[in-house]
Amino acid sequence: MSSMFGKPRASSERPAQSPLPECNVAILGCRGAGKSALTVKFLTKRFISEYDPNLEDTYSSEELVDQQPVLLKVMDTADQVRHWGGDDQLGHGWTMTGLQLSHSSPAQDGPGNCERYLCWASAFLVVYSIDSRQSFEGCQRYLEVLALHAQGCQRRCPVLLLGNKLDMEQYRQVLSAEGMSLASRFGCLFHEVSACQDFSRVQHVFHEAVREVRRQ
Ligand code: GDP
Ligand code: MG
């Protein structure tokens with residue numbers, strides 16, 4: 001963990017010769033879905049309601065997952081608002097050149113220049129907000145990008161689809177069944193969470209990502 005939250009969580013002393021196994025988790029999704037809120041909740045157990053939407057950073061936390069230590073690195077991404085459209089063969093304006101996914105064209109929030117996390121991550125959390133259908137649709141594009149990347153490099157990283165803002169049930173626009181169905185279409189796990197409610201539920205999804213990486 002760095003700048004945004006001060007010191008990392010306390011951890012036991014480890015001999016320099018035995019580095020912790022690492023797990024790199026990138027959090028993706030449209031702006032406003034709650035990526036930063038979930039990251040901060042996981043790292044500090046607190047809900048902080050306002051962040052700079054452009055802030056992108058990577059934090060580290062030593063975790064015990066099933067009694068085994070791991071250095072969990074979390075990249076809280078902040079893709080710039082991007083534009084979509086066009087009728088290229090991949091749809092949504094995405095093109096693929098070798099392992100490079102790039103995007104060129106007009107009009108919505110979604111994945112921008114994604115090489116930085118595609119190459120880095122060992123698992124992905126793709127987040128939408130249950131009270132925003134637009135964020136759910138944005139998620140599908142992220143899942144498509146991840147699927148294309150997995151095809152291109154023949155390395156399939158675990159992906160977890162998260163419906164965030166479960167506390168906003170009364171404004172729900174996306175049914176749990178729709179989340180489940182999208183997740184199963186892309187072979188992902190699916191959870192609904194809230195960054196402003198129960199910490200253990202948020203912790204659980206990050207730990208699930210580690211378990212999935214270990215299973216590979
Ligand atoms: P990001 O752009 O995906 O990083 O989204 P943020 O984490 O900055 O959150 C966007 C807005 O949604 C902020 O006003 C947050 O306070 C709010 N928010 C995030 N998570 C939750 C949640 O679980 N419940 C509610 N009610 N609001 C949330
Ligand atoms: Mg953010």
Side-chain angles (χ1 to χ4, degrees), residues 23-43 45 47 61 63 65-66 70 72-79 91-92 94 108-111 114 117-118 120-151 155-216:
C23 183
N24 294 348
V25 175
I27 312 200
L28 315 181
C30 295
R31 184 180 282 209
K35 300 178 297 296
S36 299
L38 286 169
T39 303
V40 175
K41 180 73 166 195
F42 171 64
L43 295 168
K45 300 190 180 173
F47 174 64
S61 175
E63 297 288 317
V65 180
D66 303 328
V70 60
L72 182 48
K73 294 188 179 170
V74 180
M75 186 192 288
D76 172 27
T77 67
D79 279 323
H92 307 304
W94 285 95
Q108 279 172 40
D109 191 6
C114 43
Y117 49 74
L118 288 177
W120 173 85
S122 34
F124 297 92
L125 302 183
V126 179
V127 184
Y128 66 92
S129 171
I130 67 155
D131 66 351
S132 162
R133 178 148 301 272
Q134 199 184 0
S135 74
F136 183 64
E137 283 160 9
C139 257
Q140 304 187 30
R141 300 193 180 95
Y142 279 97
L143 292 171
E144 285 162 8
V145 167
L146 294 179
L148 272 175
H149 177 69
Q151 259 175 35
R155 180 177 75 107
R156 205 190 175 306
C157 294
V159 182
L160 283 79
L161 179 65
L162 301 184
N164 186 37
K165 308 196 190 180
L166 192 51
D167 59 291
M168 301 291 273
E169 184 63 50
Q170 69 271 38
Y171 303 108
R172 183 188 277 276
Q173 292 183 1
V174 184
L175 298 173
S176 300
E178 293 177 280
M180 255 177 256
S181 151
L182 181 63
S184 75
R185 222 172 86 212
F186 284 91
C188 315
L189 293 178
F190 173 65
H191 294 273
E192 287 188 335
V193 291
S194 166
C196 63
Q197 291 180 327
D198 193 17
F199 165 72
S200 61
R201 208 158 161 160
V202 173
Q203 185 189 43
H204 176 74
V205 298
F206 282 85
H207 286 192
E208 279 292 277
V210 173
R211 291 189 184 101
E212 287 294 305
V213 170
R214 284 178 181 164
R215 275 185 201 119
Q216 290 207 312

Provide the closest heavy-atom pair for [X] versus [Y] in the form atom of the first, atom of the second, distance.
X      : Y      : answer
Arg156 : Ala150 : CG-CB, 4.0 Å
Cys139 : Tyr128 : SG-CB, 3.5 Å
Asn164 : Ala195 : OD1-N, 3.2 Å
His149 : Leu118 : NE2-O, 3.4 Å
Ala33  : Val127 : CB-O, 3.6 Å

### Task
Please tell me if the side chains of Leu28 and Tyr117 come closer than 4.5 Å, counting only heavy atoms from C-beta onward.
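Yes. Closest side-chain heavy atoms under 4.5 Å.
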
### Task
For the residue pair Lys73 and Trp120, establish whether any side-chain heavy-atom pair is separated by less than 4.5 Å.
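Yes, their side chains come closer than 4.5 Å.
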
### Query
side-chain contact (heavy atoms from CB on, under 4.5 Å) between Val193 and Lys41: does it pass, once the steps are laid out?
CA-CA 11 Å; Val193 291; Lys41 180 73 166 195; over 6 Å; no

Between [atom1] on residue [X] and [atom2] on residue [Y], distance to nearest 0.5 Å:
X      : Y      : atom1 : atom2 : value
Ile27  : Phe42  : CD1   : CZ    : 9.0 Å
Ser129 : Arg31  : OG    : CZ    : 15.0 Å
Glu208 : Leu189 : CD    : CG    : 6.0 Å
Gln151 : Leu146 : CD    : CG    : 12.0 Å
Met180 : Leu175 : CE    : CG    : 10.0 Å
Gln140 : Leu182 : CD    : CG    : 5.0 Å

### Task
Kindly determine whether Arg215 and Glu212 satisfy salt bridge (Lys or Arg N to Asp or Glu O under 4.0 Å), including the steps that lead there.
CA-CA 5 Å; Arg215 275 185 201 119; Glu212 287 294 305; 2.2 Å; yes

### Task
Dump the intermediate steps for side-chain contact (heavy atoms from CB on, under 4.5 Å) on Cys188 and Val126, then the final yes or no.
CA-CA 10 Å; Cys188 315; Val126 179; over 6 Å; no

### Message
Considering only residues two or more places apart or on different chains, which pairs with a residue in residues 187-198 satisfy side chain to side chain donor-acceptor pair (under 3.5 Å)?
### Response
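Every side chain to side chain donor-acceptor pair (under 3.5 Å) pair that includes a residue of residues 187-198, provided the two are not neighbours, is Asp167-Ser194, Arg172-Glu192, Ser176-Glu192, Asp198-Ser200.
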
### Task
Could you walk me through whether Leu125 and Phe206 pass the side-chain contact (heavy atoms from CB on, under 4.5 Å) test, one step at a time?
CA-CA 8 Å; Leu125 302 183; Phe206 282 85; 3.7 Å; yes

### Message
Can you list everything that forms a side chain to side chain contact (heavy atoms under 4.5 Å, CB included) with Ala121? Sequence neighbours excluded, please.
### Response
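Expected list: Ala26, Phe124.
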
### Task
Applying side chain to side chain contact (heavy atoms under 4.5 Å, CB included), name anything that partners Arg133, two or more places apart in sequence or on another chain.
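Once residues adjacent in sequence are excluded, the partners of Arg133 under the side chain to side chain contact (heavy atoms under 4.5 Å, CB included) criterion are Phe136, Glu137, Gln173, Val174, Glu178.
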
### From CA spacing to verdict: side-chain contact (heavy atoms from CB on, under 4.5 Å), Arg214, Val65
CA-CA 10 Å; Arg214 284 178 181 164; Val65 180; 3.7 Å; yes

### Task
Indicate whether the side chain of Gln134 and that of Ser132 have a donor and an acceptor atom separated by less than 3.5 Å.
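Not at all, the side chains of Gln134 and Ser132 share no donor-acceptor pair under 3.5 Å.
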
